[in-house]
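Notes follow once the structure below has been shown.
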Amino acid sequence: MVLEDSEYSVFELDITEDDVETSFGRVHCTVKGTPRGNRPTILTFHDIGLNHKSCFESLFNHKDMHEIMQHFAVCHVDAPGQQEGASTLPTNYTYPSMDQLSETLPLVLKHFGIKSVIGLGIGAGANILARFALKHPDMVEGVVLVNMSAQGEGFMDWATQKITAWTQALPDAVISHLFGKEEIQNNQELIASFRHLITNNINQSNLQLFVRSYKSRKDLEIERPVPGGNVNTRTLKCPSLLIAGDNSPAVEAVVDSNCRMNPTITTILKMADCGGLPQVDQPGKLIEAFKYFIQGMGYMPSASMTRLARSRTGSSSSIECNRNRNRTNTADEQRGRSHTDVSMESASAEHRSPGLAVLSC
């Protein structure tokens, strides 16, 4: 993985690390900055095979993120046993399900005195934050979900037999989850870097438990609200931004997730020339989208957009929903499909960055 020095610099903030005791084990947390009572804290949750450092460090160290960090504290959460240097979890320890992992978060927020959050999750972390937002809507002002899958067990395109006691096979399975085939074939330096992180920075026994928990996840059972329909439809109540790189193995899952969500408060972005980890591959573009999202929530109205292009982009496109899922789209749903979100509607098309394609289903 090669990072350009000109794009990154050290940004000093107060840092607090602590292990928070929960009903489902200890959760390692890192808070950067001081949470403010009058605005939410950014809450992150990483994907399988990663922790908060390997998943988010390049994003939050990027110079374009510094403006956001001046306005918001950040709370990074590591799933049990996934932080660097973690000891092997006891043999009698039952690893939490995705729902149970989401239930550790209210205790984390209480521990650090955080009242509300803007969630930023990748892969498994996106699934966990979505569950948290569904059950605790009063604590979540918005979510940015990268490589989000709302589907349950059986969706991931890799075989069960790969998740075995053979630790040599485990990194391969995780790599195929994080990156698309084209990336694995053509970006050997990036893949080698992450294979090293997965193998050497994460306790392999603990990782296997986290992977199994994610693979055994239940469907989110969210439904797209229909005008005049059931007011108690299970759906996210907060503004939501779904993101996937165009070469990500999660593109179809993200589009399917978008087709289940409330179109009036949900935006989906497909990032061009980007692989499975947009926060690593295209951090500047991801940060720009994040700034728009935050502005749409009423924060940082004067944020600078350093990567904006003044000319219109022809990258907007439309992708159909996954027709293979076991549900039927009504005529009302089809008429109601859109990708509107106040954060993106506030920015005209001529101010969108090249490489960001708005999708609809």
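Note: hydrogens, waters and symmetry copies are ignored here, and every other heavy atom, side chains too, is used.
- Residues R234 and E221 share a closest heavy-atom pair of CD-O, 3.1 Å.
- The CG atom of N203 sits 13.5 Å away from the CZ atom of F210 when rounded to the nearest 0.5 Å.
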Original post:
Can you list the steps and then say if L59 with L120 is a side chain to side chain contact (heavy atoms under 4.5 Å, CB included)?
Top reply: CA-CA 11 Å; L59 182 70; L120 172 59; 3.9 Å; yes
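- When side chains are defined from C-beta on, F194 counts as touching L197, because their heavy atoms get closer than 4.5 Å.
- Side-chain contact between M148 and N258: absent, with no pair of heavy atoms (C-beta onward) separated by less than 4.5 Å.
- At a threshold of 4.5 Å between non-hydrogen side-chain atoms, the residues I268 and V254 count as touching.
- A donor-acceptor contact shorter than 3.5 Å links the side chain of D246 to the backbone of C274.
- Side-chain atoms of Q82 do not come within 3.5 Å of backbone N or O of L50 as any donor-acceptor pair.
- When all heavy atoms of S248 and N147 are compared, the pair lying nearest together is OG-OD1, 3.1 Å.
- Put simply, the side chain of T41 never gets that close to the backbone of I114: no donor and acceptor are under 3.5 Å apart.
- Donor-acceptor pairing under 3.5 Å is recorded for the side chains of E141 and S116.
- Contact between G245 and V251 at its shortest, heavy atoms only, is O-CG2, 3.1 Å.
- Under a hydrophobic-cluster definition in which Ile, Leu, Val, Met, Phe, Trp and Tyr are linked whenever side-chain heavy atoms come within less than 4.5 Å, directly or via other members, I15 and V27 are assigned to different clusters.
- Using a 4.5 Å heavy-atom threshold, the side chains of V280 and L190 count as touching.
- Between the side chain of Q279 and the backbone N or O of S58 there is no donor-acceptor pair closer than 3.5 Å.
- Scanning all heavy atoms of the two residues, the minimum distance from A133 to V143 falls at CB-CG1, 4.3 Å.
- No close placement of the F45 and H52 rings is indicated, their centers lying 6.0 Å or farther apart.
- Note: L107 CG to K110 NZ = 7.5 Å, rounded to the nearest 0.5 Å.
- Legend: residues meeting side chain to side chain donor-acceptor pair (under 3.5 Å) with N187, ordered by chain and number and at least two apart, are absent.
- Here the side chain of T199 pairs a donor or acceptor atom with the backbone of R195 at under 3.5 angstrom.
- Hydrophobic clustering (side-chain heavy atoms under 4.5 Å, transitive across Ile, Leu, Val, Met, Phe, Trp, Tyr) groups M139 together with Y299.
- Residues satisfying the side chain to side chain donor-acceptor pair (under 3.5 Å) test with H46, not counting sequence neighbours, are none.
- For the pair P171 and Q204, the minimum side-chain heavy-atom distance is below 4.5 Å.
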**OP:** Starting from the C-alpha separation in whole Å, work towards a yes-or-no answer on salt bridge (Lys or Arg N to Asp or Glu O under 4.0 Å) for E67 and K291.
**Re:** CA-CA 9 Å; E67 185 175 18; K291 283 183 179 180; 3.0 Å; yes
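- Nearest approach of S149 to R217, heavy atoms of both residues: OG-NH2, 3.6 Å.
- A distance of 7.5 Å separates CZ of R224 from OG1 of T266, quoted to the nearest 0.5 Å.
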**OP:** Could you walk me through whether L236 and L134 pass side chain to side chain contact (heavy atoms under 4.5 Å, CB included), step by step?
**Re:** CA-CA 6 Å; L236 293 180; L134 284 168; 3.6 Å; yes
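- Residues I198 and L207 form a side-chain contact, since some pair of their non-hydrogen atoms from C-beta on lies under 4.5 Å apart.
- The CG atom of N206 sits 11.5 Å away from the CG atom of D78 when rounded to the nearest 0.5 Å.
- Minimum interatomic distance between G142 and M297 (heavy atoms only, all atoms of both residues): N-CE, 3.8 Å.
- Under the 6.0 Å distance and 45° angle rule, R212 does not count as a cation-pi partner of Y95.
- Placement of V31 and V20 within a single hydrophobic cluster is found when ILVMFWY residues are connected by side-chain heavy-atom separations under 4.5 Å, directly or transitively.
- Judged by distance alone, the side chains of D47 and H177 do bring a donor and an acceptor atom under 3.5 Å apart.
- A 6.0 Å sphere centred on CD of Q188 holds no more than 12 heavy atoms belonging to other residues, nucleotides or ligands.
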Subject >> side-chain hydrogen bond (donor to acceptor under 3.5 Å, both in side chains) evaluation trace for N201 with H196 >> reply: CA-CA 8 Å; N201 289 26; H196 177 82; 4.9 Å; no
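- Placement of M98 and F24 in two distinct hydrophobic clusters is found when ILVMFWY residues are connected by side-chain heavy-atom separations under 4.5 Å, directly or transitively.
- In this structure, the side chain of S257 engages the main chain of A253 through a donor-acceptor pair within 3.5 Å.
- Taken from CD in E288 to CG in D64, the straight-line distance is 8.5 Å, to the nearest 0.5 Å.
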**OP:** Dump the intermediate steps for side chain to side chain contact (heavy atoms under 4.5 Å, CB included) on I42 and F60, then the final yes or no.
**Re:** CA-CA 11 Å; I42 298 171; F60 282 89; 4.3 Å; yes
**OP:** For side chain to side chain contact (heavy atoms under 4.5 Å, CB included), just list the numbers for L105 and L129, CA-CA rounded to whole Å, side-chain angles, deciding distance to a tenth of an Å, and then say yes or no.
**Re:** CA-CA 9 Å; L105 299 179; L129 288 179; 3.8 Å; yes
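- Taken from OG1 in T104 to CD1 in I128, the straight-line distance is 7.5 Å, to the nearest 0.5 Å.
- Under the ring pair (Phe, Tyr, Trp, His ring centres under 6.0 Å) criterion, the residue pairs touching residues 128-147 are F132-H136, with sequence neighbours excluded.
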**OP:** Apply side-chain hydrogen bond (donor to acceptor under 3.5 Å, both in side chains) to S102 and D99, showing your working.
**Re:** CA-CA 5 Å; S102 73; D99 280 321; 4.7 Å; no
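- Inspection of the N262 and T264 side chains reveals an N or O donor paired with an N or O acceptor under 3.5 Å.
- Under a 4.0 Å N-O distance rule, the pair D219/R260 qualifies as a salt bridge.
- A heavy-atom distance below 4.5 Å is not found between the side chains of P249 and S176.
- A side-chain donor-acceptor contact under 3.5 Å links Q100 to the backbone of S97.
- Residues E182 and N186 are in side-chain contact: their nearest non-hydrogen atoms beyond the backbone lie under 4.5 Å apart.
- At most 12 heavy atoms of other shown residues, nucleotides or ligands fall within 6.0 angstrom of atom CZ in R26.
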